[in-house]
Amino acid sequence: MIALVDANNFYAACERIFDPRLEGVPILVLSNNDGCVVARSAEARAAGIPMGGPFHEVAVQAREIGARVFSSNYPLYGDLSRRMMETVAGFALEQEVYSIDESFLTLPDLPPAELLALARDLRDTVRRHLGLTVSVGIGPTRVLAKVCNRLSKKVLENDGVLVWPADSGRCDELLGGLPVTDVWGFSEGLARRLILLRLKTARDLRDADLSRVRRLGTVVAERIARELAGQPCLGEEDTPPPRRSVLCSRSFGHPVRDLASVREAVAWHASRAGEKLRQHGRHASVLGIFLRANRFHHETSNHRPEDWTPLPRPTQDNFTLVQAATALVEKLFVSGFAYEKCGVMLAGLTDQAAVQLDFAAPSREREDRRENLSRAMDALNAKLGRRTVRVGSEGLGQEDWRMRSNMRSPNYTTSWRDLPKVLIEPHHLRDSNSGTAP
């Protein structure tokens, strides 16, 4: 059996953990530069705040419902995600982390009653250890696990936990009430085509002629139909292919006009790109950067310089990437322009470093040492907080080009400065009668 575990309203829940006063209060989390709504609590959803829209369009409504608004705090969300995944992994034979708040688990072969007890224990353990509420759906396939997870939230009596029933009549009832547009794995266009074929519910799709489904022009619909029938067929062959490129970019918090600030921003993106390479075990052969000036100003709207450079050999070393990226900045930067965004692109990715092609390049032994140093920096930053250790070209952390995050909560779990503080009254100030502080 397969379990799908996901955290409910994850970003908003992370904000509540360290501030119990937020319980029951509508919460909105904004994207980079505080632009759009990327997460909302159940209370904000019920009040009609749309997902993905610009915040300035809902700011008045947010004030009217008393919503608390936060800038994205990815160090906090990432650390709590890591802790959640470590916790749920202890209940499984195998684990596949699917997203920041979702994980597929392979469970032992147990009777339904024991699976239900295990799921409840998992839910309660995460709540007790982290203060997060998770939903657990268990089924014989990934798609059915997703279906159970979705239905566990829809029906109050399920209390966030649902195991796929053994009774065929109950199975028909569950799938018959689930619109095909709500089935995991379909694009919006493919779901519309299914509806045109009068396959409106998950049960319709499960019971459809597979050859008819296959004529839609994709094997995806057929595989999902088989999974709805209890036949596992979404496996390793359906996992995403290895990365073919890496892009790291962000808009600046305000327009930047000086070369030093742009160079620091590009160095920061190059280091983040190197981190992504190491996470996926890839090496880059080519590096590019781009700069973007104000696209709404008629004199600068077409100023969008971009350039690429081959690397001496495929690498995942931060120092090599930063050196190449900052050299390109010197070529592309034009004084007098107000830049709003920059980014670093990596291409020509391979699984391992190739033989040396440039005899002027550092030796393979030196390159290995630098890559090991980069991985050691990753480990320290994962433990002590992002940018604790970094390449000097990235700046000292006081850069004025950084994106706006004026409403960000503290990094409670990754920064010593942001640890919650508790005031203890001195003993001699305590009330002698009650034994408590006045």
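Taking the side-chain hydrogen bond (donor to acceptor under 3.5 Å, both in side chains) definition, one finds that D101 meets it with S99, sequence neighbours left out. Scored by the salt bridge (charged side-chain N to carboxylate O under 4.0 Å, His left out) test, D159 finds R123 as partners (sequence neighbours excluded). Remark: Y11 pairs with Y77 by the ring pair (Phe, Tyr, Trp, His ring centres under 6.0 Å) rule, at least two apart or across chains. By the salt bridge (charged side-chain N to carboxylate O under 4.0 Å, His left out) test, R40 is found to be paired with no residue, residues two or more places apart in sequence or in another chain being considered. Among residues two or more places apart in sequence or in another chain, the ring pair (Phe, Tyr, Trp, His ring centres under 6.0 Å) test is passed with Y98 by F104, W184. Looking at residues two or more places apart in sequence or on another chain, you find a side-chain contact (heavy atoms from CB on, under 4.5 Å) between D204 and L199, K200, T201. For R263, the side-chain hydrogen bond (donor to acceptor under 3.5 Å, both in side chains) partners two or more places apart in sequence, or in a different chain, are E330. A search for salt bridge (charged side-chain N to carboxylate O under 4.0 Å, His left out) contacts involving R82 returns D79, E86, not counting sequence neighbours. Every side-chain contact (heavy atoms from CB on, under 4.5 Å) that V60 has, sequence neighbours left out, goes to R63, E64. Here D121 pairs with nothing under the salt bridge (charged side-chain N to carboxylate O under 4.0 Å, His left out) rule; sequence neighbours left out.
A donor-acceptor pair under 3.5 Å is absent between the side-chain atoms of R170 and the main chain of A166, judged by distance alone. A donor-acceptor pair under 3.5 Å is absent between the side-chain atoms of N411 and the main chain of N73, judged by distance alone. At distances below 3.5 Å, not a single donor-acceptor pair connects side-chain atoms of E340 with backbone N or O atoms of P255. A donor-acceptor distance shorter than 3.5 angstrom exists from the side chain of S81 to the backbone of I100, with no hydrogens or angles considered. Without hydrogens or angle criteria, Q95 side chain to M85 main chain gives a donor-acceptor distance under 3.5 Å.
Expressed to the nearest 0.5 Å, how far CZ of R206 lies from CG of L178 amounts to 12.0 Å.
Between I138 and A119, the shortest heavy-atom distance links the atoms CD1-CB, 3.8 Å. For the pair L291 and C342, the tightest heavy-atom approach, listed with the atom from each and the gap, is CD2-CB, 3.7 Å. Nearest heavy-atom pair, V322 versus A267, reported as atom, atom and distance to 0.1 Å: CG2-O, 3.7 Å. Looking at every heavy atom in both residues, I27 comes nearest to A44 through O-CB, 3.8 Å.
Judged as a salt bridge (Lys or Arg N to Asp or Glu O under 4.0 Å), the pairs with a partner in residues 3-18 (not counting sequence neighbours) are, in order, D6-K153, R16-E43. Pairs passing the side-chain hydrogen bond (donor to acceptor under 3.5 Å, both in side chains) check and including a residue from residues 50-62, sequence neighbours excluded, do not occur.
In the displayed structure, D167 atom CG is contacted under 6.0 Å by more than 12 heavy atoms of other residues, nucleotides or ligands. R128 CZ: more than 12 foreign heavy atoms inside a 6.0 Å radius.
In summary, of the residues considered (V286, D317, L321), a side chain to side chain contact (heavy atoms under 4.5 Å, CB included) with L311 occurs for L321 alone.
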